[in-house]
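All remarks here apply to the structure that follows.
Sequential numbering from 1 along the given sequence is applied to the chain's residues.
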Amino acid sequence: MEQEVAIIGGASAGLSAALTLGRARRRTIVFDAGEPRNKPAAHAQNIFTRDGTPPLELLRIAREQLKPYTSVQFSQSRVTGITQQSNRFIITNNKGETFSARRVILATGLTDLLPEIKGLKALWGGKVIHCPYCHGWEVRDEPVALINNGKAAEHVVPLVYNLNKQVQLFTNGTAELSPKFKEWLAGNNIPVIESTVTELIDYPAGVVVKTADGKQSQVTAVYVRATGYKFHNELAVQLGCSLTEEGAVVVDEHFQTTVPGVFAVGDLSHPMAHQVIFAASSGTKAGIACNGGLIMQDYEQYQKA
């Protein structure tokens with residue numbers, strides 16, 4: 001099946017790219033394995049005109065609004081392989097189907113690597129949150145805990161304190177904080193608990209944070225910083241795209257990778273794409289760049305004819 005553009009990933013970034021390409025009448029196929037990163041969250045926040053909409057509902061609306069653009073097709077499948085042959089990319093999926101496209105947009109995202117704390121994973125995306133811009137308003141003025149340390153803690157604790165005055169910082173081990181920051185914490189009555197966090201326990205009004213010294217703290221929500229990210233960059237590696245040390249795909253301002261004709265959008269490439277609206281923006285930019293590149297390529301071929 002020949003396409004002009006293949007989008008691998010059907011969440012915010014991929015569907016935004018599909019909308020741009022559909023409006024440009026580009027034959028586009030979207031491969032969607034149905035596993036968006038924010039699936040555990042009850043609501044998606046800080047999104048212009050869609051604040052508070054459940055993540056899966058956002059994607060349903062996006063797919064519904066793509067229906068008038070009949071050049072866009074969907075494949076509910078996982079891409080298992082991709083190679084470049086001459087001026088086209090050959091794509092295979094887990095159904096044994098083969099497709100070809102002139103351009104590829106990778107929107108395969110990432111997985112958050114979470115601290116190994118009992119009970120944390122079950123609460124992730126609900127009472128255990130990671131971003132004050134995405135979830136902070138909903139728990140404003142409530143008692144909250146942060147499990148964080150080092151420079152990252154010095155960045156996020158003031159952001160949370162702006163919304164919540166009852167704040168506890170659990171460093172989950174020896175605190176690695178600057179003297180100046182420790183002074184700021186003390187001045188704002190923010191306790192620092194160095195005892196290891198052993199368990200997060202769900203209860204109707206929030207979360208109980210249990211530590212190795214036997215103490216328990218009841219809070220409404222817990223901010224947790226991921227220990228790292230597993231970028232789903234396998235297809236980018238197959239194509240020879242350059243990666244950062246962390247594993248994100250290197251892109252330029254148009255989200256073009258180091259391999260001509262291949263773009264990477266959303267969480268896979270952009271440090272600010274951890275919010276839905278940034279991910280969508282990256283998809284739009286890549287879609288525009290794809291369409292423009294195809295137009296110029298066809299024009300150059302016409303000139304040579």
Side-chain angles (χ1 to χ4, degrees), residues 3-21 26 28-39 59 75 77-85 87-94 99-114 130-131 225-294 297:
Q3 303 288 337
E4 291 180 294
V5 182
I7 300 172
I8 304 172
S12 303
L15 294 181
S16 183
L19 179 61
T20 298
L21 291 162
R26 290 294 177 187
T28 302
I29 185 164
V30 180
F31 295 91
D32 183 10
E35 298 174 359
R37 179 189 177 197
N38 59 359
K39 188 175 182 179
L59 301 184
S75 173
S77 64
R78 184 184 303 278
V79 172
T80 54
I82 183 167
T83 58
Q84 188 170 8
Q85 295 181 12
N87 62 343
R88 298 194 76 86
F89 298 93
I90 308 304
I91 300 152
T92 54
N93 66 8
N94 60 347
F99 304 80
S100 72
R102 295 169 63 187
R103 297 287 187 275
V104 170
I105 298 177
L106 301 173
T108 46
L110 59 78
T111 297
D112 296 284
L113 302 179
L114 303 175
H130 72 100
C131 172
R225 178 174 179 255
T227 57
Y229 305 109
K230 182 186 183 302
F231 291 91
H232 301 309
N233 57 21
E234 296 82 2
L235 298 175
V237 170
Q238 287 183 29
L239 289 166
C241 300
S242 295
L243 307 178
T244 67
E245 290 184 6
E246 293 79 15
V249 180
V250 174
V251 295
D252 65 13
E253 66 272 20
H254 304 293
F255 295 89
Q256 165 76 56
T257 71
T258 54
V259 175
V262 180
F263 297 77
V265 297
D267 293 328
L268 184 63
S269 64
H270 198 276
M272 288 299 291
H274 301 309
Q275 292 191 42
V276 169
I277 200 160
F278 284 111
S281 173
S282 70
T284 299
K285 288 182 178 180
I288 290 171
C290 262
N291 184 54
L294 289 169
Q297 186 180 55

Legend entry - Contacts of Gln256 that satisfy side-chain contact (heavy atoms from CB on, under 4.5 Å) - sequence neighbours left out: Asp252, Phe263
Inset, instruction - Could you grab the distance from atom CG of Asn93 to atom CD1 of Ile8, nearest 0.5 Å is fine? - result: 10.0 Å
Inset, instruction - Measure the spacing between CG of Leu235 and OG1 of Thr83 and express it to the nearest 0.5 Å. - result: 11.0 Å
Inset, instruction - Check whether any side-chain N or O of Thr257 sits under 3.5 Å from a backbone N or O of Val262 as a donor-acceptor pair, and report yes or no. - result: yes
Legend entry - Any residue meeting side-chain contact (heavy atoms from CB on, under 4.5 Å) with His232, in chain and number order, not counting sequence neighbours: Thr108, Thr111, Lys230, Glu234
Legend entry - Flag, side chain of Asn94 to backbone of Arg78, donor-acceptor distance under 3.5 Å: yes
Inset, instruction - For Phe231, enumerate each residue passing the ring-ring contact (aromatic ring centres under 6.0 Å, His included) test, keeping only those at least two apart in sequence or located in another chain. - result: none
Inset, instruction - Please report the closest heavy-atom contact between Thr258 and Gly240, naming both atoms and the distance. - result: OG1-O, 4.2 Å
Legend entry - Interatomic distance, Ile29 atom CD1 to Ser77 atom OG [nearest 0.5 angstrom]: 7.0 Å
Inset, instruction - Would you give the length of the straight line joining atom CZ of Arg102 to atom CD of Gln297, rounded to the nearest 0.5 angstrom? - result: 4.5 Å
Would you list the atom pairs, donor with acceptor, under 3.5 Å between side chains in residues 12-20 and any protein atom, with sequence neighbours excluded?
residue, atom, partner, partner atom, Å
Ser16, OG, Ala280, O, 2.7
Ser16, OG, Thr284, OG1, 2.7
Thr20, OG1, Ser16, O, 3.4

Legend entry - Partner set under ring-ring contact (aromatic ring centres under 6.0 Å, His included) for Phe89, not counting sequence neighbours: none
Legend entry - Whether Asp267 side chain and Leu110 backbone form a donor-acceptor pair below 3.5 Å: no
Inset, instruction - Give the minimum heavy-atom separation between Leu239 and Gln84, together with the two atoms involved. - result: CD2-N, 4.5 Å
Inset, instruction - Using the test side-chain contact (heavy atoms from CB on, under 4.5 Å), find all partners of Asp32 that sit at least two apart in sequence or belong to another chain. - result: Arg63, Gln76
Inset, instruction - Check whether any side-chain N or O of Ser282 sits under 3.5 Å from a backbone N or O of Gly266 as a donor-acceptor pair, and report yes or no. - result: yes
Inset, instruction - Would you name the heavy atoms of Leu21 and Cys290 that are closest together and state the gap between them? - result: CD2-CB, 4.0 Å
Legend entry - Where Cys241 and Val249 come nearest, the two heavy atoms and their spacing: CB-CG1, 4.2 Å
Legend entry - Between CZ on residue Arg225 and CG on residue Leu114, distance to nearest 0.5 Å: 12.5 Å
Inset, instruction - Kindly give the heavy-atom pair with the smallest separation between Ile82 and Gln238, and that separation in Å. - result: N-OE1, 3.0 Å
Legend entry - Heavy-atom closest pair, residues Leu243 and Gly247: CD2-O, 4.0 Å
